[in-house]
Each structure stands twice: as structure tokens, then as C-alpha cells.
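Only this structure's heavy atoms are used, side chains among them; waters, hydrogens and symmetry mates stay out. Nothing fancy with the numbering, it's 1 onward along the sequence.
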Amino acid sequence: METPSQTNGRLTAFGNQLVQVHNWLRKELAMLHDDLGSVAEGRAERLRDLRAHCLTFCSALTRHHTGEDGGAFLVLADKFPELRPSLEELAHDHGVMTGIIERLEELVAGVGPGSSQDEILDVQRELDGLTAIMETHFRYEEKRIVEVLNSLDMPEWLETKPPFLLKTH
């Protein structure tokens with residue numbers, strides 16, 4: 001578990017922490033693209049990296065979205081009812097991404113030293129789809145809820161950081 005982020009001795013507002021998590025997930029996804037590129041170039045030694053990184057990234061993204069759906073979005077819907085339509089749209093995106101993540105994990109598990117270019121391309125397509133929806137989703141989410149999250153006073157989130165604000169290295 002991480003402690004809350006600090007800037008100049010002050011706790012970083014929850015919305016700013018959300019952006020930090022999104023930026024970390026963006027970076028991890030870019031590294032996953034690099035891992036896939038290395039495997040596609042025939043560097044089989046990177047296959048283990050691809051599989052491990054895929055599992056780690058997919059798990060982190062799932063934890064983030066599950067934490068939003070089961071925690072942050074419930075709090076926001078209660079305190080800011082006008083956000084409910086946006087929160088429902090964001091939760092729908094989570095479901096779409098869950099399907100892509102499941103297919104991606106399955107495809108990556110099937111990639112091996114003898115994999116065809118078509119198998120690699122299948123992984124690339126799923127990864128590209130996840131990248132597109134994730135980026136659009138993050139931008140929309142940041143536009144709609146960062147300011148509201150920054151206004152929240154949630155002492156329990158300071159004591160135990162909620163799952164949607166966790167990063168792992």
C-alpha cells in the first residue's frame with residue numbers, strides 16, 4: 001500500500017492523485033506496446049516480460065476501475081447527483097475495457113516462440129483498442145471529475161488510500 005502523495009509537505013488532492021494514476025497507467029501501457037514490439041521483432045527472450053507486464057498492467061487497470069465503480073463513483077453520485085449520467089457512462093466504459101482486458105490476457109497467454117504474425121497482430125489489435133478507449137475514457141474522466149474529487153474531504157481516503165488511487169511499481 002502507498003501513502004498519499006505529497007507535494008511541498010501537503011497532501012495532494014484526490015483528483016490530482018487520479019491524474020497521477022492515469023499517467024502511470026498510460027506509461028505502463030506504452031511499455032506493454034514496446035514489449036509486444038520486441039516479441040513481434042522475434043526477440044523471444046522478451047516473451048516473459050510481455051506476459052508478466054500484461055498481467056501486471058491488466059490487474060492494475062482492473063483494480064483501478066473496480067475501485068472507482070465500487071467506491072469513488074458511489075461517493076460522487078451521492079454528493080454530486082448531477083454527475084450520475086457521466087459516472088454511468090464511465091462505468092460502462094469500464095465494462096468494455098474489462099472485455100478487452102480478458103481477450104488481451106488470453107491472446108498474450110497464447111503467444112509463444114512459434115507464434116505467427118497473425119497471432120501477434122491479434123494481440124496488437126486488442127492492445128490498440130484498449131489504448132484508444134482508455135485514453136478517451138481517461139480524458140473524459142479527468143474533465144468531468146478531477147475538480148470534484150479535489151473538493152472532497154474524505155479522511156478515510158487519507159488513512160487508507162482507496163484502490164482507484166493505488167499505483168504499484
- side-chain hydrogen bond (donor to acceptor under 3.5 Å, both in side chains) assessment of T98 paired with H65: CA-CA 9 Å; T98 295; H65 288 157; 5.8 Å; no
- Quick one: closest heavy-atom pair of L29 and L127, and the distance? CD1-CD1, 3.6 Å
- Item | Single-linkage hydrophobic cluster V148~M154, side-chain heavy atoms < 4.5 angstrom | yes
- Task: Can you run down the salt bridge (Lys or Arg N to Asp or Glu O under 4.0 Å) pairs that involve residues 81-102, sequence neighbours left out, and say none if there aren't any?
- Result: none
- Note on the structure: Taken to the nearest 0.5 Å, the spacing of M134 CE from I101 CD1 works out to 9.5 Å
- Message: One thing to verify: whether D128 and R125 come together as a salt bridge, which I'm taking to mean a side-chain N less than 4.0 angstrom from a carboxylate O.
- Response: no
- Message: Set out, in order, the CA-CA distance, both residues' side-chain angles and the distance that settles side-chain contact (heavy atoms from CB on, under 4.5 Å) for L90 and E68, then state yes or no.
- Response: CA-CA 9 Å; L90 291 166; E68 286 178 333; over 6 Å; no
- Task: Apply side-chain contact (heavy atoms from CB on, under 4.5 Å) to the pair E106 and R103, showing each step before the final yes or no.
- Result: CA-CA 5 Å; E106 184 179 307; R103 287 190 301 278; 5.7 Å; no
- Query: Do the ring centers of F164 and W157 come within less than 6.0 Å of each other?
  - Reply: yes
- Step through it carefully: locate the ring centre of H33, locate the ring centre of F57, and say whether they are under 6.0 Å apart. no
- Are I133 and F138 close enough, and set up right, to give a side-chain contact (heavy atoms from CB on, under 4.5 Å), and what steps lead you there? CA-CA 8 Å; I133 192 169; F138 282 177; over 6 Å; no
- Query: Do other residues, nucleotides or ligands put more than 12 heavy atoms under 6.0 Å from E135 CD?
  - Reply: yes
- Message: Measuring from atom CG of L87 to atom CZ of F80, what distance do you get when rounded to the nearest 0.5 angstrom?
- Response: 10.5 Å
- Which of I100, V21, T66, L25 passes side chain to side chain contact (heavy atoms under 4.5 Å, CB included) with L61? Answer is L25
- Looking only at atom types and distance, does a side-chain atom of S38 sit under 3.5 Å from a main-chain N or O of D34, one as donor and one as acceptor? yes
- Message: For a 4.5 angstrom cut-off between non-hydrogen side-chain atoms, does Y140 reach H137?
- Response: no
- Message: Please check this pair: side chain of D49 against backbone of D35, looking for a donor-acceptor N/O pair closer than 3.5 Å.
- Response: no
- Query: Who passes ring-ring contact (aromatic ring centres under 6.0 Å, His included) against H53, sequence neighbours left out?
  - Reply: none
- Message: Please report the interatomic distance CD1(I145) to OG(S86), rounded to the nearest 0.5 Å.
- Response: 9.0 Å
- Message: Please identify which of these residues, L18, L165, D69, meets the side chain to side chain contact (heavy atoms under 4.5 Å, CB included) condition with H64.
- Response: L18
- Examine V75 and L158 and state if one hydrophobic cluster contains both, with Ile, Leu, Val, Met, Phe, Trp and Tyr joined whenever side-chain heavy atoms are less than 4.5 Å apart. yes
- Message: How long is the straight-line distance from CG of L104 back to CE of M97, given to the nearest 0.5 Å?
- Response: 13.0 Å
